[in-house]
Amino acid sequence: MQNQINKEYLNPVGKSVPRIDGKGIVTGQTKYAFDLKFANMLVGKMIRSPHPHARIISMDTSKAESLPGVRAVITAKDTDQIKFGSNEYFFPHTIDQMALESEKVRYIGDEIGAVAAVDEETALEALKLIDVQYEILPHVVDVQEAMKPGAPQIHESLNNIAVIMPVNFGNPERALKEADYVREDLFYTPAAHQSAMEPHVCVAQWEKFTNKVTLWASTQAPFKCREALAKTLKMDLNNIRVIKMAVGGGFGGKLEMLPMDFSACLLSKKAGGLPVKICYNREEEFLASRRKHGMIYKLKSGVKKDGTLVAITGEVIADGGAYCSYGPTVIAAAIMRIFMVYKIQHFRVTGYRVYTNTPVSGAMRGFGGVQAGFAIEAHMDMLAEGIGMDPVEFRLKNITTPNMTTINKMIISSNGLKECIEKSTEAAGWSKKRGKQRHLRRGIGIGIAADVMGSKMYKSHESAGSIVKVEEDGSVYLFTGAADTGQGSDTALSQIACQELGVSYSRIKCKAGDTEITPFDTGSFASRVTFISGNATIQAARDAKMQILGVVAKEFSLNMDNLDIKAEEVINTKDSTAIMDFDKAVELCYSFHYGNQIIGRGSYNPNTTPIDFRTGEGNVSGSYGFEAQIAEVEVNTETGEVTVLKMWDAHDIGKAINPKSVEGQIEGSLAMGLGYTFMENLQFDKKGRPANGNFANYRLPRAIGMPPIETILIETNDPQGPFGAKGMGEASLLPTSAAIANAIYDAVGIRLKELPFTPEKIIEALKEQQEKKVEV
Amino acid sequence: MVTLSINNVKYNLALKGNETLLEVLRDHLGLTGTKAACDESECGACTVIINGKAVLSCITLAADVEGDEITTIEGLADKEELHPVQKAFIDTGAVQCGFCIPGMIMSSKALLDKNREPAQEEIEQALDGNLCRCGGYLKIFEAVRQAGKRIKDAKPN
């Protein structure tokens with residue numbers, strides 16, 4: 001290689017090497033789909049329903065079509081009217097959304113067509129000229145109202161219940177009778193929004209005559225996007241190219257194809273192959289992308305005096321909005337995550353995923369686990385209190401352990417949960433603080449969680465592919481289908497490749513997420529990329545290394561089994577002597593005599609089983625990650641304001657490939673968790689339209705008010721993980737609200753069961769507490 | 001005709017008059033490093049520096065800043081060398097998706113140009129208008145402190 005090899009970046013795994021895309025980002029050179037501009041590019045806009053629930057009687061687009069500057073108008077008539085969704089195998093009826101709706105609209109914002117024009121002004125003008133006749137139908141916004149007999153029927157399903165998911169193990173009713181203490185709690189968690197900084201945006205260009213289409217997208221899953229486009233456009237996979245640009249955040253909201261992606265392709269086709277860009281504004285983001293399910297979480301559980309958790313029962317109702325999206329998986333995750341955390345023998349929780357005439361609920365970081373995490377971890381604290389046990393001791397008694405199989409057949413190998421609890425409580429000074437600071441209105445609380453790294457909740461395989469190519473000058477390319485959406489997976493995977501290949505991280509470049517060039521990968525979700533794509537990358541790098549060593553062995557008549565590449569040197573592993581440096585070995589491979597290209601391949605599919613939704617059984621993930629979180633708070637009883645003084649987060653991440661990136665994920669999760677705890681609450685008006693759908697009214701955490709966070713990385717060296725690593729992008733978000741709720745209780749003795757914890761709710765709860773005291 | 005001085009380059013632009021500086025930067029000049037995440041002055045992604053002050057380009061009329069010195073993220077690095085703020089953002093791991101980062105860096109630079117050793121409250125105040133959804137701000141605070149120190153070390157007075 002011509003450029004100097006940076007020796008600091010030898011053996012990069014475990015080092016906080018700079019982000020591979022860092023220089024591009026800090027200089028403004030990195031291109032997002034948002035930044036794309038092509039010659040003759042048209043502006044596309046979606047035609048949306050102004051009604052929450054209505055039948056489409058007729059649609060006249062002729063006036064819009066004749067407006068100068070309009071190049072294409074499409075409606076359902078231009079489509080094959082094929083539905084899409086997320087869980088075709090287990091719940092075929094939840095494939096319920098049309099790329100463009102033809103008969104009915106089910107929420108304000110529902111897509112029924114799209115226009116493309118030479119500029120935004122003309123496109124917006126064209127929208128006004130679309131004449132749609134509707135027959136208005138009665139609508140329902142509230143999830144509990146929607147479940148009542150006689151409520152407006154949004155789809156075919158009875159009482160608007162799209163999915164009923166009963167999960168049963170053992171005999172919880174009998175077990176509850178044997179419990180020493182039983183209690184029942186009801187929790188409410190609101191709808192929220194992913195609010196990635198980059199809005200949903202895409203550019204599509206149709207190739208006339210060859211009938212290929214390219215979509216430049218801001219997506220977490222380019223290959224899943226391609227699959228959905230192929231299905232709805234009735235095209236072959238290899239006639240669709242999805243190119244993932246730099247993605248300005250996703251958090252679950254960019255996991256699916258949306259009608260806008262489909263429409264951009266079709267508009268470009270109709271406009272004779274001119275490129276079409278569709279970019280949501282912030283209002284559309286809140287209205288018509290995806291959102292987090294609001295949930296009602298009821299729990300009734302029993303414990304023995306000695307702290308043994310004997311049974312958990314309950315019910316979860318999730319407000320799904322107008323279509324199913326990832327709803328089936330979200331409700332499953334909201335129920336079944338608990339099995340990774342607590343040893344449970346008797347369990348019965350039934351989930352209901354319900355349609356309403358509101359924006360579509362889908363995936364959001366944590367996949368139902370955030371809502372469940374609040375309910376379960378607050379409930380556990382109350383159970384512990386009921387038997388007079390310290391909440392930490394109670395958890396230590398009931399948590400899962402290494403090398404066990406859970407009641408629903410999840411196979412847990414490495415498990416650092418105990419260590420997470422011990423290390424975080426020790427760092428936070430738990431025993432000195434818990435229950436001892438009420439005179440200061442200060443309190444400390446805990447929440448724990450676990451997470452998957454990949455999720456076999458779909459029919460399809462869950463594999464990742466990787467190619468590691470060594471160029472003739474010794475520089476290295478990694479081709480991965482994985483989608484870096486900001487978490488730093490391009491960097492982590494490059495570190496993994498260089499570590500295995502035995503070279504400095506300064507040699508590598510990464511090309512990711514282009515369906516025509518890179519290998520397949522299911523995408524960035526379920527904290528899967530480090531674990532699954534990382535394993536594929538190790539394989540590819542090892543394959544490349546073996547190809548180099550094969551040439552060296554041949555040239556020097558050595559036994560290949562005794563050769564390796566370490567820190568830029570081909571070495572003899574028997575006596576650790578250096579044979580030649582990496583550049584020389586590559587030169588040999590590409591020499592006149594050998595002409596041997598170095599192209600390593602890897603394909604990894606975790607050893608998992610799909611979850612059986614009828615029973616709740618299945619080992620959905622190749623490994624499991626664990627997490628304990630402590631919050632210390634101070635409550636102002638005059639104003640109801642809560643100050644989070646500090647948070648501690650201990651996370652079993654197996655092995656930190658890039659410690660700074662890991663910390664960044666934890667801090668970001670906590671910030672999102674703090675937002676959901678104190679301010680984020682996406683509300684809807686009587687017609688189901690977002691009532692606070694902008695950044696002025698939907699408040700996100702800001703610089704002022706962020707508490708200090710101490711992260712503690714627990715490295716359990718997972719036997720399946722790449723260099724022992726596990727995925728970790730979501731778990732830290734799961735227990736945050738509960739840790740804070742439990743800390744508020746410790747501080748002032750009030751139990752909050754409805755998020756977010758606004759000052760008004762705190763004052764209200766304090767008032768009730770006073771009234772109770774007076775009564776006593 | 002409006003003449004704008006952006007990153008020490010003069011641009012003569014035929015404008016209608018109602019274009020925002022953000023539109024001019026991104027759509028007319030292709031300077032897409034400056035981002036936008038809300039178009040209603042809530043997110044800070046469009047922050048640029050005008051005459052030493054951090055300003056939201058989405059609510060600034062281009063015609064109003066004629067004759068002013070405008071610096072965008074593209075104009076921060078000195079030829080081959082990154083600006084200390086840019087370096088610090090990389091080294092502290094403050095960068096995640098990166099969409100808020102140009103705005104964050106411009107706000108940070110405007111702060112450090114006035115005060116190389118800002119107190120924690122001053123950093124929070126300066127960055128409170130810049131939303132980040134990935135990172136939780138802590139690494140960004142660290143980047144600002146580190147950049148300030150580097151600037152001071154390079155030019156002690």
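No experiment lies behind these values; they were computed from the predicted model shown. In what follows, every chain begins at residue 1, and chains take the letters A, B, ... in the order their sequences are listed.
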inquiry  = Heavy atom to heavy atom, less than 4.5 Å: which residues from residues 85-97 of chain B reach chain A?
reply    = Gln86(B), Phe89(B), Ile90(B), Asp91(B), Thr92(B), Gly93(B), Val95(B), Gln96(B), Cys97(B)
request  = Tabulate, in ascending numerical order, the residues of residues 18-35 of chain B having at least one heavy atom closer than 4.5 Å to a heavy atom of chain A, or enter 'none'.
outcome  = Arg26(B), Asp27(B), Thr32(B), Gly33(B), Lys35(B)
Atom [atom1] of [X] with >12 non-hydrogen neighbours under 6.0 angstrom:
X         : atom1 : answer
Glu121(A) : CD    : no
Glu122(B) : CD    : yes
Lys23(A)  : NZ    : no

Identify which part of [X] has an atom lying under 4.5 Å from any heavy atom of chain B, answering side chain, backbone, both or neither.
X         : value
Ala696(A) : both
Ile704(A) : both
Thr30(A)  : backbone
Glu285(A) : neither
Asn281(A) : neither
Ile709(A) : both
Thr485(A) : backbone

Backbone N/O of Gly705(A) and side chain of Tyr137(B): donor-acceptor pair under 3.5 Å = no
ask   = If you tally heavy-atom pairs under 4.5 Å against chain B, which of Ala703(A), Gly250(A), Ala671(A) wins?
value = Ala703(A)
Locate the shortest heavy-atom distance separating [X] from [Y]; write the atom from each residue and the value.
X         : Y         : value
Ile25(A)  : Gly98(B)  : CG2-CA, 3.5 Å
Phe695(A) : Cys38(B)  : CD1-CB, 3.8 Å
Gly136(B) : Met706(A) : O-CE, 3.1 Å

message = How long is the straight-line distance from CD of Glu124(B) back to CZ of Arg702(A), given to the nearest 0.5 Å?
response = 13.5 Å
Go through the atoms of [X] and report whether side chain, backbone, both or neither lie under 4.5 Å from a heavy atom of chain A.
X         : result
Ile105(B) : side chain
Gln125(B) : both
Phe99(B)  : both
Ala36(B)  : both

ask   = Which salt bridge (Lys or Arg N to Asp or Glu O under 4.0 Å) pairs, counting each pair once, include a residue from residues 656-667 of chain A, with sequence neighbours left out?
value = Glu663(A)-Lys139(B), Glu667(A)-Lys139(B)
request  = If a pair satisfies salt bridge (Lys or Arg N to Asp or Glu O under 4.0 Å) and one of its residues is in residues 101-110 of chain B, list it, with sequence neighbours excluded.
outcome  = Lys109(B)-Asp113(B)
task = Name the member of Leu82(B), Leu127(B), Leu131(B), Ile101(B) that forms the most heavy-atom pairs with chain A at distances under 4.5 Å.
result = Leu131(B)
ask   = With side chains defined as the heavy atoms from C-beta onward, is the minimum distance between Glu198(A) and Arg133(B) less than 4.5 Å?
value = no
message = Could you check whether any side-chain heavy atom of Glu40(B) comes within less than 4.5 Å of a side-chain heavy atom of Asn694(A), counting everything from C-beta outward?
response = yes
